[in-house]
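Below is one structure, written out as structure tokens; comments come after it.
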2 protein chains.
Amino acid sequence: MNADLRETPIRVERPSKTLRELALEKVREAIVEGYFKPGERLVERDLCAQLGVSRTIVREVLRHLESEGLVANLHNKGPIVALLDLNEAKQIYEIRGALEGMAARLCAERRDPAIVKALEASLMGIRFSYAAKDMAGVLGLTNAFYQTMFTMVGRHVAWGVVNLLTVRINHLRSMTIKTENRDVEGPAQMERIVEAIKRGDGDAAHKAALDHVARAAAIAEALLAAQQTHE
Amino acid sequence: MNADLRETPIRVERPSKTLRELALEKVREAIVEGYFKPGERLVERDLCAQLGVSRTIVREVLRHLESEGLVANLHNKGPIVALLDLNEAKQIYEIRGALEGMAARLCAERRDPAIVKALEASLMGIRFSYAAKDMAGVLGLTNAFYQTMFTMVGRHVAWGVVNLLTVRINHLRSMTIKTENRDVEGPAQMERIVEAIKRGDGDAAHKAALDHVARAAAIAEALLAAQQTHE
DNA sequence: TTAGGTCTTATGGTATACCATAATATTGTC
DNA sequence: GACAATATTATGGTATACCATAAGACCTAA
């Protein structure tokens with residue numbers, strides 16, 4: 001079927017999602033949003049009761065999330081929500097820096113006004129969400145910002161990698177975006193990325209992206225350190 | 001139990017692997033080694049018969065491999081060994097470049113003779129394997145080379161990412177290492193990485209790592225192009 | 001009160017059953 | 001021989017059963 005027919009109004013709809021797919025989304029979101037906390041046991045029979053599905057579904061969901069790094073399976077403890085120590089968090093920020101820097105550079109070199117427009121739209125939405133104190137919106141739109149960066153230069157594999165890693169530090173991210181002055185500083189840093197992309201400066205875009213992630217990593221490190229001090 | 005007792009000689013050994021863990025290793029290896037070919041259907045009942053396990057085990061293994069990107073699950077086709085097109089392969093090489101470049105730089109900056117020694121040992125083994133026409137050895141030791149680079153600077157998360165991606169292009173890699181002159185050129189390029197690390201030159205190590213991956217990507221692209229021409 | 005032994009329960013590992021639907025094979029008609 | 005209709009088989013989706021073992025509760029003796 002050529003491209004012309006792909007969008008035809010008579011096209012048969014994609015089948016509904018399986019129970020397993022729905023359950024996977026639910027559990028992943030419950031972990032990412034903090035409903036299930038790091039270190040918390042994920043007892044199969046409890047999940048069955050909560051989700052209203054069989055153990056087959058639950059086990060398959062757990063296998064998937066294990067592979068994604070969101071769940072850890074310990075031989076004498078059963079599955080738990082994966083913990084994330086400071087060292088791992090730092091490494092994740094570092095990898096993001098390497099890949100987001102690469103994507104920013106490619107965006108700048110592409111010299112496509114559509115990219116700039118899309119990024120500016122996301123950034124505007126981020127500012128708006130901050131103003132409305134909508135932190136879920138801030139996170140979601142920040143994801144959209146980066147997804148735009150990666151996908152508009154055709155890097156969906158790298159986006160997949162970044163996405164998987166970012167999900168693992170979502171709790172940290174939801175903390176860093178709330179720190180004092182981050183509502184101003186964060187968007188300002190992202191604007192520097194966009195400006196560099198706008199003027200086609202690959203090096204500057206790369207550096208701005210690295211700086212932004214490095215700053216977020218520093219804030220996360222301070223938060224984790226404070227958290228351990230208070231315990 | 002404090003750290004002193006953790007390494008005690010009376011410590012109880014870790015339990016044997018579950019059937020699922022064993023099956024996962026088998027299927028992953030069968031895919032990576034080419035026993036199951038890209039695009040080939042992975043019929044659950046067939047896998048049960050081949051592995052000698054129940055559908056529960058097989059399904060959980062498939063879920064895991066799906067998450068790793070080695071298996072694709074299509075709604076009207078069932079699970080298949082994931083195909084890899086040229087575009088995705090190129091992106092994987094690019095990501096490897098970004099991360100391996102980062103690791104090489106960190107190795108150089110660490111200025112640790114143990115790193116150089118370990119890398120030289122892997123490289124020697126690679127050369128020896130080439131001489132013995134042991135391609136499995138070449139692949140394995142190349143993995144060891146990079147695993148050393150990442151883990152000796154404490155980047156196990158990045159190594160995990162690179163490993164997952166590399167597994168997806170293993171078939172391509174087993175082809176690129178066999179191309180004419182690659183037995184000389186490959187190790188020579190890797191030696192440039194090691195030399196830069198030895199003299200503590202981060203920029204040079206970074207560049208050498210990027211060059212090496214870029215060259216491998218170019219060879220892979222040529223191979224894929226030739227493959228499509230012959231079809 | 002503590003420690004050891006015993007009993008009970010919780011839980012993950014693994015297998016199998018059943019169903020719905022898609023795919024394939026077969027049959028009949030033109 | 002081609003095509004449509006029908007029957008059969010293959011296959012993934014999902015649930016449940018059963019087991020072994022670990023964890024926890026409880027009891028008893030010192």
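Letters go in sequence order (proteins before strands), and every chain restarts at 1. What you see is a predicted model, and the numbers here were worked out from it, not measured in a lab.
- In this structure, Arg41(B) places its CZ atom 9 Å from C1' of dA23(C), rounding to the nearest Å.
- Under the rule for a side-chain contact (heavy atoms from CB on, under 4.5 Å), the partners of Glu33(B) that lie at least two apart in sequence or sit in another chain are Glu29(B).
- With sequence neighbours left out, the side-chain hydrogen bond (donor to acceptor under 3.5 Å, both in side chains) criterion links Arg45(A) to no other residue.
- Counting only residues at least two apart or on different chains, the side chain to side chain donor-acceptor pair (under 3.5 Å) pairs with a member in residues 163-175 of chain B are Asn143(B)-Arg173(B), Asn170(B)-Arg173(B).
- Here Glu120(A) pairs with Lys198(A) under the side-chain hydrogen bond (donor to acceptor under 3.5 Å, both in side chains) rule; sequence neighbours left out.
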Heavy-atom protein contacts under 4.0 Å, nucleotides 14-25 of chain D, coded B base, S sugar-phosphate only, - none: BBBBB----S--
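- When the side-chain hydrogen bond (donor to acceptor under 3.5 Å, both in side chains) test is applied to Arg41(B), no partner is found at least two apart in sequence or on another chain.
- Distance, Asp46(A) CG to dG12(C) C1': 13 Å, rounded to whole Å.
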